[in-house]
Amino acid sequence: MLKVLNIKKTFSRGLFFRSKVRAVDDVSLSVEKGETLGLVGESGCGKSTLARVILNLLPPDSGSIILDNRDITRLRATDLKNIRRKLQIISQQPFSAFNPLIRIEKSLLEPLVIHGLLNRENRERMYDYLNRVGLHQGILARYPHEASGGELQRLALARALLLSPDILILDEPTSMLDVSMQATILSLLKQVRDEFGMSFVFISHDLDVINFMSNRIAVMKQGRIVEQGRRDRILNAPEADYTKALLDHFHNFNKERSTGFRIGHDAV
Amino acid sequence: MPGITRGEDNDLISKTIRLDRVSVDFQSAGKTVRVVDDVRLTFKEKRITGIIGETGSGKSVLGLSLLQLLPGNARVTGHIHYRGDDVLSYGGSRLRRLRAKEIALVPQNPATSLNPIMAVRRQIREAVASRGKIEKPGITQRINTLFNDLHLDGLASPGAFYPFELSGGMKQRVLTAMGICRDPAWILADEPTKGLDACLRSEVCALLERHYASSGPGMIIVTHDLSLARRLCCNIVVMYCGQVIETAPAPTFFSGPAHPYSAAFLKSSPREGFVPIPGEVPSVLDPPGGCRFHPRCRRKLKICRDLPPSLLGIGPGQAVRCHRYA
């Protein structure tokens, strides 16, 4: 369904002494219908850059993105607009995903306006989706600053669903949220995925979250995919050294306490 | 050294922080909203206390009230006793000294806590220098050691780096460094691992551990990261909707939390299978009557709807705000 072939993207910094950072280096991936690909890796490894390239928000230096057997990497603006309806993103920062100056209802309807889909039926669907994500209509009249991070993240999901996308790219959708809200959002995402038969590209640095959500996992390091495969294979029998290190790091942190670190315990 | 405790009567020498009926009210659109409600707590010196709770529970507001860092429309009442004084009465240079040398803040939100138009190195230098009595070469050396400890060696290379060139994790580590470099008696860390990946989280955590092991400051860690709390803290304070609903020694808490909310909160963590807590986080604008958790509580009694429970001691160092224990 979605194929990413040999994508490269380089950024440069500095005015006089230009240095180049290879953010995405020869990455190939594929996502089938109804499947969730978990993309895991440490901060700064190029996960989000890759997401932006897939969405055509950043032009790649080379390589191509194939959606339904069609190369969407170098499309004209009008064709791109049709593609964008099928590819939606939920970003890490719920607060920057909403225009602070307009009411939430307008923000939710804006994609429909842009794609010329604003009609009564779709308005009804908006109320319906709002219910589905566990929010009341009262929130529509509010401004983003009057909503919490968890509410905004659910609104972002409702907004993306309104366009009935085929693929949803989730860029660390819960890393800014509380554990309890994270649990709520993740169960909601699973429900929605199964019901609408959507494909997810789920980006996270949290292996527990990746494990909970994905069918397949790709591990990224410094712009490269070091390993990809079925979830259970990656988590139980990793081959790449980096994957092993990542798993170790993760399991160690969740152990009770590191050795050699003792603190006194007594009554408060 | 960890392990030594002093009596409460020794307030002048002891660096224990004692909160006495601390409430925080915000004035908003002509209405008064109570965000922190009647908190009585003791943060023992040289101990790591974790304040955990969901967004909007008032945990960060409580933390910031110690340093009078709340916005102008906030009003803090009650007393915060520290070294024989009420720090809420501090102002001017005493307040500045408190913030610089006694209780150092590691702020939340790395993206907005650094000055965007000032080189990172200069900002760290400012923090190091605020401690006073260090010569210039000493400062440079100290900064380089800090960079090393934090695996920020990249920043030590020539050329000025500005915050926008740093990743979120790097900014968080810079802020942590700025907090601990002054060797304060207390470190108040507001969500020090929010948004960090597993590797960076263990790095920041290890940094706090190392600093604790070498200098032994008291720490207050405001967080919703339960694995961090489990790893670092001696004592746990749980806040819900502006109130302290449970305090307990960490091992007791993690092996068997007393309050139904604490239990549900632990269950929602990844290790326990992401079980969501039913219902919505109540707004402090309009807190539910009776027990504030009763609309979401699976174990509620009749009385919970009508009567707000008070905080009851149920064991050594353990108190809970729940009718089930009355």
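Below, chain A is the first sequence line, B the second, and so on; all start at residue 1. Atom set for the values below is all heavy atoms of this structure, side chains included, hydrogens, waters and symmetry mates excluded. As the structure is a prediction and not an experimental result, all values here were calculated from the model.
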- prompt: Minimum heavy-atom separation for L186(A) to F274(B), with atom names?
  reply: CD1-CE2, 3.7 Å
task: Can you tell which part of S180(A) gets under 4.5 Å to a heavy atom of chain B, answering side chain, backbone, both or neither?
output: both
query: Under a 4.5 Å heavy-atom cut-off, does chain A meet the side chain of L228(B), its backbone, both or neither?
result: both
message: What's the separation between atom CG in D178(A) and atom CD in E54(B), rounded to the nearest 0.5 Å?
response: 5.5 Å
query: What's the spacing between S202(B) OG and D248(A) CG if we round to 0.5 Å?
result: 11.0 Å
message: Does any part of the side chain of P276(B), heavy atoms only, come nearer than 4.5 Å to the side chain of M181(A), both counted from C-beta?
response: no
Per-residue contact mode, E172(A) against chain B (heavy atom under 4.5 angstrom): neither
- prompt: Is atom CZ of R216(A) surrounded by more than 12 heavy atoms (other residues, nucleotides or ligands) closer than 6.0 Å?
  reply: yes
- prompt: By a 4.5 Å heavy-atom criterion (distance strictly below it), what part of V209(A) contacts chain B: side chain, backbone, both, or neither?
  reply: both
- prompt: Above 12 or not: heavy atoms from other molecules or residues under 6.0 Å from NZ of K190(A)?
  reply: yes
task: Measure L177(A) against the heavy atoms of chain B and call it side chain, backbone, both or neither at under 4.5 Å.
output: backbone
- prompt: Do F250(A) and R201(B) have side chains that get closer than 4.5 Å, going by heavy atoms?
  reply: yes
message: Please check if the number of heavy atoms outside R231(A) that lie under 6.0 Å from its CZ is greater than 12.
response: yes
